[in-house]
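Below, read A as the first sequence line, B as the second, and so on, with proteins coming before strands; counting in each chain starts at 1. Small disclaimer: the values here were computed from a predicted structure and weren't measured.
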Number of protein chains: 2
Amino acid sequence: MSFSPLIRHLIDSLRILPGVGQKTAQRMALQMLERDRSGALRLAQALTQAMNGVGHCKQCRSLSEDDVCQLCLDPRRDDSVLCVVEGPMDVYAVEHTGFRGRYFVLKGHLSPLDGLGPEAIGIPELLTRIAAGSFSEVILATNPTVEGEATAHYIAQLLAGKGLIASRIAHGMPLGGELELVDGGTLAHSIAGRRPILL
Amino acid sequence: MSFSPLIRHLIDSLRILPGVGQKTAQRMALQMLERDRSGALRLAQALTQAMNGVGHCKQCRSLSEDDVCQLCLDPRRDDSVLCVVEGPMDVYAVEHTGFRGRYFVLKGHLSPLDGLGPEAIGIPELLTRIAAGSFSEVILATNPTVEGEATAHYIAQLLAGKGLIASRIAHGMPLGGELELVDGGTLAHSIAGRRPILL
């Protein structure tokens, strides 16, 4: 037997959520219908409000309901360091480390095979932002993937000769990891990037 | 830093979905905002339509957009067997086994500690349905939990002397299981319920 049209449509629509397959979507749909219809209606409203009300900050291009986000407006932050990341989620991740400089959010990474060049991911806007600011260092915190590395190097080349330090986040052993389990590339980076122990 | 109010409200609202915690809800919210706003708006619409449009079938009490569901209306099904389950999801599970009789969906199981007595889970309606039908067998397919067993036995007692067979789904080894891994109760049921091999 198949589900009725409205339930089927709801199940299909739930599958846009990351990590939600057919089986999970079925469980979600039926559970909401059976146990939490008011919660589901609140979710529908929250979705509509967020999709219509949340835009991008003009300055850092992260998600924001205002023209310029709270983070960019905050006068207590360090105006000399800019952290460049691939997406808004990364801003929250870096923020948890205690970093208190400024951010710029790219639209992902360079991916020539998918037709994503410097314009598509917002590199011209990044250069405009850097020119308008008073940064002494730009931290390139794109992901440690092939595309993320290429994007970081591309930006570093553009910044050469502009009197800025372009730095890259360190690669190495994750805390709590085990040498015998980590991949060779990571361990090689970890050895090459070794630092003297200061006593 | 915290998320902006609309994003925070969306994250909170997503947490009503089964199996979705804080971290997953964040990822879902940001991914929809970044990559699939039209999909999210379609989801909002599907949620609203389903919550407002889907009710319960008058006859089997499963989820249905119509007064009586397609399954109850289907004239090709076996009117002599009624399968009693705890929820609409169970109907879809039993349907996959090839069962083609009729269904009745309880609202969960008896749970005196939570104040859920026979009326709360719809047992009077079940008796009305059985009286109105021409069933020769009622399969009690509540879950093999303490509450599900108690509910099945309670219903079986009510049906005693009404000229009906009240049967219970078999307990035993799940296919592909291993004797050394299965719990003792299941294995005991499996031994007690052994059947001669017909050659």
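With chain A as partner, the option from B/His56, B/Arg35, B/Arg42 having the largest number of non-hydrogen pairs under 4.5 angstrom is B/His56. Note on A/Gly53, A/Ala29, A/Pro5, A/Ser38: by heavy-atom pairs under 4.5 Å with chain B, the leading option is A/Pro5. Here A/Leu33 is the residue among A/Leu33, A/Asp74, A/Asp36 with the most heavy-atom pairs under 4.5 Å with chain B. Of the listed residues B/Pro18, B/Gly39, B/Ser13, the one with more heavy-atom pairs under 4.5 angstrom with chain A than any other is B/Pro18. Heavy-atom pairs under 4.5 Å with chain A peak, among B/Ala50, B/Gly19, B/Ser64, at B/Ala50.
B/Lys107 contributes atom NZ, which lies 8.0 Å from atom CD of A/Glu34 (distance to the nearest 0.5 angstrom). Expressed to the nearest 0.5 Å, how far CG of A/Leu43 lies from CD1 of B/Ile16 amounts to 5.5 Å. Annotation: the span from B/Gln26 atom CD to A/Met89 atom CE amounts to 5.0 Å, rounded to 0.5 Å.
Residues A/Tyr103 and A/Leu126 fall into different hydrophobic clusters, defined by Ile, Leu, Val, Met, Phe, Trp and Tyr side chains chained together at heavy-atom separations under 4.5 Å. With hydrophobic clusters built from ILVMFWY side chains whose heavy atoms lie under 4.5 angstrom apart, A/Val85 does not share a cluster with A/Ile121. Linking ILVMFWY residues whenever their side-chain heavy atoms come closer than 4.5 Å, directly or via other members, leaves A/Val91 and A/Val84 in distinct clusters. If you chain together hydrophobic residues whose side chains sit under 4.5 Å apart, B/Leu82 and B/Val94 never meet in one group. Using a 4.5 Å cut-off between side-chain heavy atoms of Ile, Leu, Val, Met, Phe, Trp and Tyr, with links allowed through other members, A/Phe135 and A/Leu158 fall into the same hydrophobic cluster.
For chain A, the nearby parts of B/Gln49 are the backbone and the side chain; heavy atoms of each come within less than 4.5 Å. Neither the backbone nor the side chain of B/Gln45 comes within contact range of chain A; no heavy atom of the residue lies under 4.5 Å from a heavy atom of that chain.
The closest side-chain heavy-atom distance from B/Leu47 to A/Leu47 is below 4.5 Å. Contact annotation: the side chain of A/Ser4 never approaches that of B/Gln70 to less than 4.5 Å [non-hydrogen atoms, C-beta and beyond]. Two residues are said to be in side-chain contact when any heavy atoms from C-beta on lie closer than 4.5 Å; A/Leu17 and B/Met32 meet this criterion. Considering only heavy atoms from C-beta on, A/Leu41 comes within 4.5 Å of B/Asn52 through its side chain.
Within a 6.0 Å sphere centred on CD1 of B/Ile197, heavy atoms belonging to other residues, nucleotides or ligands number 12 at most. Counting non-hydrogen atoms of neighbouring residues, nucleotides and ligands closer than 6.0 angstrom, the NE2 atom of A/His153 reaches no more than 12 such neighbours.
Closest approach of A/Ala44 to B/Thr48, counting heavy atoms only: CB-OG1, 3.4 Å.
One N or O on the side chain of A/Glu65 and one on the backbone of B/Leu6 form a donor-acceptor pair closer than 3.5 Å.
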